[in-house]
Amino acid sequence: MTQLPAASLTPLEAQIELERLGREIAAHDRAYYQDDAPTLSDAAYDALRGRLKELEAAFPELVRADSPSRTVGAAPGEGFRAVAHLQPMMSLEDVFTDEAVAEFLQRVRRFLGLGESDPLDLVAEPKIDGLSINLLYENGAFVRATTRGDGAEGEDVTANMRTLADLPRRLNGPAPALMEVRGEVYMRRDDFLALNAASEARGEKIFANPRNAAAGSLRQLDAAVTARRRLSLFCYALGEVSEAVADSHRALLQRLKDWGFPVNPRIGLCRDLDEALAFTRALGAERADLAYDIDGVVYKVDRLDWQTRLGRRDRTPRWAVAHKFPAEQAQTLLERIEIQVGRTGALTPVAILRPITVGGVVVSRATLHNEDEILRKDVRAGDTVIIQRAGDVIPQVVAVVADKRPADSRPFTPSDRCPVCNSHAVKPEGEAIRRCSGGLTCRAQAVERLIHFASRNAFDIEGLGEKNVTFLFESGRIHGPADIFRLEAAEKGTLLPLKTQPGWGAKSVEKLFAAIAARRRVPLDRFIYALGIRQVGEATARLLALHYHSLRAWRAAMSAAAAERDAEADAGEAWTHLIAIDQVGPAVAGEIADFFAEAHNLAVLDDLAAEVTVEDFAAPAATGSPVAGKTVVFTGSLETMSRDEAKAQAQALGAKVAGSVSAKTDYVVAGADAGSKLTKARDLGLTVLSEQAWRALIDR
Ligand code: IVH
């Protein structure tokens with residue numbers, strides 16, 4: 001296209017061209033930054049921006065508020081700024097049955113040491129299906145908004161949040177000097193439908209459900225785009241606050257309302273299990289008529305001093321639980337059964353479905369778990385099946401509609417070959433899962449492991465999602481995790497640098513290298529989690545890091561434990577210590593030993609350790625605590641608190657809580673009727689403390 005010099009354009013011509021340029025640049029920015037899929041070369045992109053600048057210089061009065069040249073908050077190239085929350089943002093434990101709600105109440109009672117008839121008020125609230133937001137206020141003025149992110153830090157979406165009509169900028173009446181308000185950003189159903197209708201008319205991407213639409217709209221780099229999407233807000237909790245503002249959750253919600261925050265009106269006070277369940281049944285019946293999506297009810301212990309005592313586990317509070325509504329079901333055609341290979345080599349059959357909407361989401365695949373399950377339900381290609389979504393869980397095939405089966409259908413026959421690498425796929429006697437024996441030579445396993453390795457809660461390398469990992473692996477650039485850290489060096493002198501490859505550009509390569517460089521230091525727990533050992537999730541990885549402290553110590557101890565187990569010399573010291581860790585136990589220890597028993601796994605680990613610096617584990621908030629780093633065992637019944645509460649308190653002070661006594665135990669805290677653990681502690685000559693002595697030690 002020939003371009004006239006800016007000075008020879010009429011204002012109207014300039015205005016039209018500026019609008020077009022604005023739209024084009026925004027679309028390329030979205031493709032580049034959000035979808036990681038650049039739609040044009042860097043040079044062509046720069047030319048667009050250059051022309052925009054030229055026109056804006058010639059016609060300053062025509063610079064649009066939403067011009068890419070003055071994008072607010074996040075200048076292109078920076079994405080969103082990461083900001084640490086003052087208090088971590090937690091998630092909620094989900095329960096699906098009435099029995100599980102009863103158990104929650106029992107657990108709370110036990111933890112607090114309440115009797116059956118002591119009052120325990122709960123507040124029940126709709127669980128809004130949106131995304132959580134953290135709003136910081138200083139002296140009653142809105143300062144900053146951040147997404148949840150990984151719970152410790154989120155993305156700064158202040159500019160976007162300011163576009164919400166629901167957000168109070170100044171609070172009514174006096175407010176604490178500092179206050180984090182927590183809530184949910186969501187999109188009303190009517191706004192969602194209108195947005196999708198408009199997008200469809202323009203031939204743009206449509207969203208699967210209001211939640212995705214809300215998330216996509218809030219995480220726009222251009223606040224002007226967010227402003228055009230209609231987002232709403234409900235607030236329901238506080239994070240950090242400089243002074244107490246209420247002594248019950250109910251009173252807190254009232255204060256939030258008085259300050260001007262939108263608080264959901266459909267809140268209930270429940271005095272017992274029956275009232276809680278009745279609230280949920282009633283709300284479930286209203287669900288379809290609400291103006292927004294909800295996916296359950298949150299029950300919260302009303303007394304805030306009790307919330308404090310209950311505290312939290314890994315990522316969820318003990319004082320609240322989400323009671324999810326039953327799964328929504330639908331019928332559709334199962335077109336074929338595909339076998340997927342996971343990062344541990346497990347073969348998982350997946351149903352490929354004729355797309356259908358279930359619970360507001362378009363579903364086209366569903367898990368079939370394993371081949372025994374397929375045979376048990378006799379699921380076949382061509383069947384009409386009932387599928388369901390339970391919460392955020394992957395959709396499942398519940399059953400076959402027998403009378404819709406085609407006459408010529410044939411039963412499913414499992415293959416003993418990996419569909420990806422053709423290695424033998426073995427299903428041990430008595431086990432449900434068939435596994436590919438190809439190990440890391442199997443592309444599926446290697447790629448899945450690398451994706452896990454780079455994922456958010458592991459090494460958290462931005463730009464290394466499924467698409468890019470697959471490309472880097474298949475083009476021979478990376479084979480194992482350590483190669484990621486050698487990628488940039490390997491680029492030097494190559495004839496086909498990454499930036500010349502389809503789908504990559506100089507900018508995206510640079511961004512990736514920067515993201516990789518930023519992760520050369522990694523905390524021990526993330527390192528352990530990233531290895532992808534079966535059954536070693538984040539919480540277990542953290543426990544291991546807490547107990548072994550450094551990579552060296554952990555590696556040595558795990559190798560020793562594996563050797564002891566394989567020598568069947570039961571009660572070897574390393575093995576005994578490992579299974580004594582509270583919540584580890586023989587099954588998890590067995591998986592760890594399996595990993596360490598394989599020479600190729602050790603090679604991968606050592607190769608990686610040579611590329612990165614693994615930080616020793618620093619126990620959270622435990623500096624100066626007299627029990628930091630000490631191993632404690634609680635036994636017998638305690639008087640002033642429950643055992644769970646005691647354990648949680650000890651962990652919060654940086655102690656390691658073990659389930660059984662060994663020579664490595666520092667303190668055994670013995671309550672009434674302590675049994676064999678106490679005897680063993682005495683035999684080993686360990687320090688045994690009474691409950692009072694323990695409390696004196698930790699100064700409580
Ligand atoms: S309370 C410390 N209340 O559900 C507990 N959460 O699945 C903080 N959510 O991350 C959450 N409605 O984003 C709470 N009435 C409500 C909620 C709610 C929706 C979301 C929230 C949370 C997620 C956990």
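One-based numbering along the sequence shown. Counting convention: from 1, in listed order, for ligands and their atoms alike.
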Where on [X] is there a heavy atom closer than 4.0 Å to ligand 1, on the side chain, on the backbone, on both, or on neither?
X	value
Leu92	both
Glu184	side chain
Trp319	side chain
Ser132	both
Pro126	backbone

Verify whether the ring centers belonging to [X] and [Y] lie closer than 6.0 Å.
X	Y	value
Tyr299	Phe104	no
Tyr529	His452	yes
Phe261	Tyr137	yes

Identify, for [atom], the protein heavy atom at the shortest distance, and state residue, atom and that distance.
atom	value
atom 8 (C) of ligand 1	Met90 O, 4.3 Å
atom 21 (C) of ligand 1	Tyr236 OH, 3.0 Å
atom 23 (C) of ligand 1	Lys127 NZ, 3.9 Å
atom 22 (C) of ligand 1	Arg148 NH1, 4.1 Å
atom 15 (N) of ligand 1	Glu125 OE1, 2.7 Å

Option set Met89, Lys300, Arg182, His249, criterion heavy-atom distance to atom 1 (S) of ligand 1, minimum: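 Going through Met89, Lys300, Arg182, His249 one by one, Lys300 has the nearest heavy atom to atom 1 (S) of ligand 1.
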Qualifying residue, where the test is side-chain contact (heavy atoms from CB on, under 4.5 Å) with Thr226 and the options are Thr163, Leu221, Val157: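 Passing option: Thr163.
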Worked verdict on Lys656 versus Ile581 for side chain to side chain contact (heavy atoms under 4.5 Å, CB included): CA-CA 8 Å; Lys656 307 169 204 169; Ile581 297 175; over 6 Å; no
Pair Glu125, Tyr236: side-chain N/O donor-acceptor within cut-off below 3.5 Å: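 Per modelled atom types, Glu125 and Tyr236 side chains form no pair under 3.5 Å.
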Pair Arg695-Thr640, side-chain donor/acceptor within less than 3.5 Å: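 Their side chains do contain a donor-acceptor pair, which is all the 3.5 Å distance test asks for.
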Arg107 vs Glu93, salt bridge (Lys or Arg N to Asp or Glu O under 4.0 Å): CA-CA, chis, key distance, verdict: CA-CA 13 Å; Arg107 240 183 299 139; Glu93 180 198 349; 3.4 Å; yes
Pairing of Asp150 and Arg456 as salt bridge, 4.0 angstrom limit: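 Looking at Asp150 and Arg456, the cut-off is not met.
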Contact (N/O only, under 3.5 Å) between Ile128 and ligand 1: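 Yes; the residue has a nitrogen or oxygen that sits under 3.5 Å from a nitrogen or oxygen of the ligand.
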Distance-only N or O hit between ligand 1 and Pro317, under 3.5 Å: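 Looking only at distances, the answer is no, because the N/O contact criterion of under 3.5 Å is not met.
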